[in-house]
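This report concerns only the one structure given below.
Throughout, a chain's letter reflects where its sequence line sits, starting with A, and its residues are numbered from 1.
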There are 2 protein chains.
Amino acid sequence: MLDVTRLRVLDAVARLGSVTAAAKELHYTQPTASHHLARLEAETGARLLQRAGRRVRLTPAGQLLAGRAAEIIGRIDAAGNELAAHVGLTTGLVRLVLQRQLVCVW
Amino acid sequence: MLDVTRLRVLDAVARLGSVTAAAKELHYTQPTASHHLARLEAETGARLLQRAGRRVRLTPAGQLLAGRAAEIIGRIDAAGNELAAHVGLTTGLVRLVLQRQLVCVW
DNA sequence: TAGAATTACGCTCTACGTAACTATC
DNA sequence: GATAGTTACGTAGAGCGTAATTCTA
């Protein structure tokens, strides 16, 4: 099963054009983003990136997967928003959530 | 961001009707599945399950999220299959992957 | 030589299992 | 008492960062 954390990195690289920019957007360091990409290639058995000078470019397989990744991430975000709206409407609570950790409800 | 691992547990509970059956299908122990569900409720701030005797039933919020979870999981699986087909067609490799760990390529 | 990526290594935190507990039929 | 679920606790592994290395414009 594809790991969504790694798909997020691939999606960011596809949109922003570099590992560094992707890492920055996701609040990772560059090595962490690079590591996720390397693991994604190992886990899928597909070459997803190729060096182009000191930049990287997506292979056809990488572009294919990045497109699907964007759809999947969109679905996940939409589901989260939908649930939040549902909960908000039915309970009227306000939740403060930091790093997946519930901090406050009132 | 919703955790897909936990969504898989919720989806299995929705389809199979119990935490025990869901755990078995996903090759987890029952406490592990139960823990994922508890964390999912804490992270989303929504009641997703309610005890019904010694079974559990999904709340409306739980049913909503379970439906979206099934869609998301389907998308992820489809993307993985699509990529595998693409790689298979272009390289002719056979990959043996166990627990996300690449074991052999030839 | 400055910028971009990878590799090496260590630490923290999460995922998971086992064991113990609670509750319902 | 058997079955279903939860809570407590310990451990192995993954995620992330820092540091060091490689490569290219």
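Side chains of T59(A) and L49(A) form no contact here, defined as non-hydrogen atoms less than 4.5 Å apart. Taking the side chain as every heavy atom from C-beta outward, L40(B) and V9(B) never approach each other to under 4.5 Å. R6(B) places none of its side-chain heavy atoms less than 4.5 Å from the side chain of L37(B).
We find that CG of L49(A) is positioned 13 Å from C1' of dA4(C), with the value rounded to whole Å. Remark: P of dC13(C) and CD of E43(B) are 16 Å apart, rounded to the nearest angstrom. With rounding to whole Å, L26(A) atom CG is found 14 Å from dG15(D) atom P. Atom CD in E41(B) sits about 9 Å away from atom P in dT6(D), given to the nearest Å. Atom pair R54(B):CZ and dC25(C):P shows a separation of 7 Å (rounding to whole Å applied). Residue L16(A) contributes atom CG, which lies 15 Å from atom C1' of dA4(C) at whole-angstrom precision. The CZ-C1' distance, from R55(A) to dT6(C), rounds to 16 Å in whole Å. Between R51(B) atom CZ and dC25(C) atom P there is a gap of 10 Å when expressed in whole angstrom units.
Using modelled atom types, one side-chain atom of N81(B) and one backbone atom of D77(B) make a donor-acceptor pair closer than 3.5 Å. Using a distance-only test at 3.5 Å, with no hydrogens or angles considered, no donor-acceptor pair links the side chain of Q50(A) to the main chain of R57(A).
Comparing dA4(C), dA4(D), dA15(C) by their nearest atom to the side chain of Q30(B) picks out dA4(D).
H35(B) comes within 4.0 angstrom of no nucleic acid atom, judged by non-hydrogen atoms across all strands.
Listed pair S34(B) / dT6(D) meets the phosphate criterion, a side-chain N or O lying under 4.0 Å from OP1 or OP2. For dA4(C), neither phosphate oxygen OP1 nor OP2 lies less than 4.0 angstrom from any side-chain nitrogen or oxygen of T20(A). For T29(B), no side-chain nitrogen or oxygen approaches OP1 or OP2 of dC16(C) to under 4.0 Å. Taking side-chain N and O atoms only, T32(B) has no distance below 4.0 Å to OP1 or OP2 of dA15(C).
The residue among G53(A) and V56(B) whose nearest nucleotide of DNA chain D is located toward the 5' end is V56(B). Annotation: of the two residues near DNA chain D, A33(A) and P31(B), the 5′-most nearest-nucleotide partner is P31(B). Across the interface with DNA chain C, nearest-nucleotide mapping of Y28(B) and S18(A) shows S18(A) to be the residue nearer the 5′ end.
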